[in-house]
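For reference, the structure is listed below as structure tokens.
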2 protein chains.
Amino acid sequence: MPKQKNTKQKILEAAIDLIAKNGYRGASVRKIAAEVGIRESAIYNHFKNKEEILKEIISQIFTTPFEFNDLEERAKKGKSFLHQFVVAYKLVSFDKKMEKLFRVMMIELFQNEDLRESFLEEFHQKDIQQISKALFIMMQDGLIRSADPMFMAQEFLSPLFYIRLRVSLLRIDEKSTAPIATQFEKHVDFFWESVAV
Amino acid sequence: MPKQKNTKQKILEAAIDLIAKNGYRGASVRKIAAEVGIRESAIYNHFKNKEEILKEIISQIFTTPFEFNDLEERAKKGKSFLHQFVVAYKLVSFDKKMEKLFRVMMIELFQNEDLRESFLEEFHQKDIQQISKALFIMMQDGLIRSADPMFMAQEFLSPLFYIRLRVSLLRIDEKSTAPIATQFEKHVDFFWESVAV
DNA sequence: GTCTATAGCACGATAGAC
DNA sequence: GTCTATCGTGCTATAGAC
């Protein structure tokens with residue numbers, strides 16, 4: 001089934017584009033079909049209804065991108081681990097596909113309960129857990145001062161989220177992100193200075 | 001014109017409620033009228049069209065709540081100034097009306113260019129400027145370490161924003177915010193420990 | 001300033017031919 | 001798997017009576 005998958009994929013991509021611009025309600029089946037180059041009725045050969053399209057998109061959002069399998073070893077390096085993490089975070093922030101999915105997430109977050117739960121449990125929690133694990137190791141090794149690792153992880157991550165949000169907003173209007181792009185790295189410096197022993 | 005204002009106010013309140021739930025597109029003139037208890041056509045005696053309702057709501061969002069006229073004096077007190085700011089920030093985060101407006105802002109942020117500009121220029125910039133001014137004074141007084149005050153202000157504010165976002169999300173589903181509510185104050189402690197000389 | 005009535009359009013979805 | 005045709009509904013907005 002190579003052709004079917006192709007059309008289904010096209011529908012999903014068109015839907016992501018349109019939802020990222022106008023939200024779920026603004027992305028009508030008509031417009032999605034038009035963008036793909038088929039009729040509305042053809043959509044229903046690939047998805048039961050409009051909501052199924054959204055559900056499949058939402059599942060794409062939370063394919064957690066930041067996972068280090070050798071976390072313990074990396075954490076021993078202290079600041080350079082955090083730096084690596086932020087470089088990966090920055091890359092995702094500027095990746096076109098991921099940026100669109102981020103917009104979809106932010107738009108629908110307040111209107112879709114499933115998405116809210118995934119946000120709090122996956123998006124939020126998974127990063128927190130990974131960073132807090134690393135910070136805990138750094139505390140044991142005496143690299144950073146002692147504190148609640150979970151809370152410290154949130155202090156580390158929330159400025160990154162805010163920068164990402166602003167990057168996303170600026171790029172919608174095609175404004176320059178140059179002054180903001182360096183803030184990712186500046187944050188690591190500031191944070192390390194804040195917690196290093 | 002006491003009666004006219006009353007109806008207009010009711011329309012605005014109903015619109016805020018509905019937009020906070022379903023977004024601008026989901027808040028139809030029909031539903032707004034039904035909630036107020038009048039017919040759709042009557043709405044147009046108070047607003048030129050649907051968009052005018054949104055514009056008036058947006059203007060309400062950015063009535064900047066955090067302004068200290070005696071900022072210089074307060075800043076000299078160091079941590080307790082930051083604590084005062086956060087208490088005010090927390091109050092706004094839990095205020096019912098402000099919480100609804102926050103939801104409206106977050107929902108429409110990615111779909112409304114005017115709102116985006118106001119967000120970046122008012123919501124973001126105004127707080128940053130005030131906090132950075134205070135931090136600058138603290139640096140001069142040797143209370144905290146030296147750094148770019150604007151950047152440090154952002155490091156102070158962005159975790160607050162993230163906590164506020166999570167509070168807002170939890171409250172939609174009427175989940176407990178008890179564990180999260182204390183994070184506002186914990187953030188001040190953590191931040192002060194990070195920058196205090 | 002409210003009502004009834006209605007215009008004109010876009011929406012999601014289905015039936016049935018090819 | 002795509003098409004044409006169509007249904008029923010909800011939408012914003014206006015006209016005109018009261």
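Below, chain A is the first sequence line, B the second, and so on; all start at residue 1.
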Rounded distance in Å - [atom1] ([X]) to [atom2] ([N]):
| X | N | atom1 | atom2 | value |
| --- | --- | --- | --- | --- |
| B/K50 | D/dA13 | NZ | P | 8 Å |
| B/N49 | D/dA13 | CG | P | 5 Å |
| B/R25 | D/dG10 | CZ | P | 19 Å |
| B/Y44 | C/dT4 | OH | P | 16 Å |
| A/L18 | C/dC11 | CG | P | 11 Å |
| A/E51 | C/dA13 | CD | C1' | 14 Å |
| A/I32 | C/dA10 | CD1 | P | 17 Å |
| B/R39 | C/dT6 | CZ | P | 15 Å |

Is the NZ or CZ atom of [X] positioned over [Y]'s six-membered ring, under 6.0 angstrom from the centre and within 45° of the axis?
| X | Y | value |
| --- | --- | --- |
| B/K186 | A/F151 | yes |
| A/K50 | A/Y24 | yes |
| B/R166 | B/F184 | no |

Of the nucleotides [options], which one has an atom closest to the side chain of [X]?
| X | options | answer |
| --- | --- | --- |
| B/V29 | D/dT12, C/dG12, C/dC3 | D/dT12 |
| B/I38 | C/dG12, C/dC3, D/dC11 | C/dC3 |
| B/H46 | D/dT4, D/dA13, C/dG1 | C/dG1 |
| B/E40 | D/dT12, C/dC3, C/dT14 | D/dT12 |

**Prompt:** Within less than 4.0 Å of OP1 or OP2 of C/dC11, is there a side-chain N or O belonging to A/R30?
**Reply:** yes
**Asked** Looking only at side-chain N and O atoms, does B/S41 come under 4.0 Å of OP1 or OP2 in C/dC3?
**Response** no
**Message:** Please confirm whether the ring centroid of A/F68 lies under 6.0 Å from the ring centroid of A/F81.
**Reply:**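 Yes, ring centres under 6.0 Å apart.
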**Asked** Of A/K48 and A/K31, whose nearest nucleotide on DNA chain C comes first from the 5' end?
**Response** A/K31
**Item:** Heavy-atom neighbours of A/E72 CD exceed 12 at 6.0 Å
**Value:**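 At most 12 heavy atoms, drawn from other residues, nucleotides or ligands, come within 6.0 Å of this atom.
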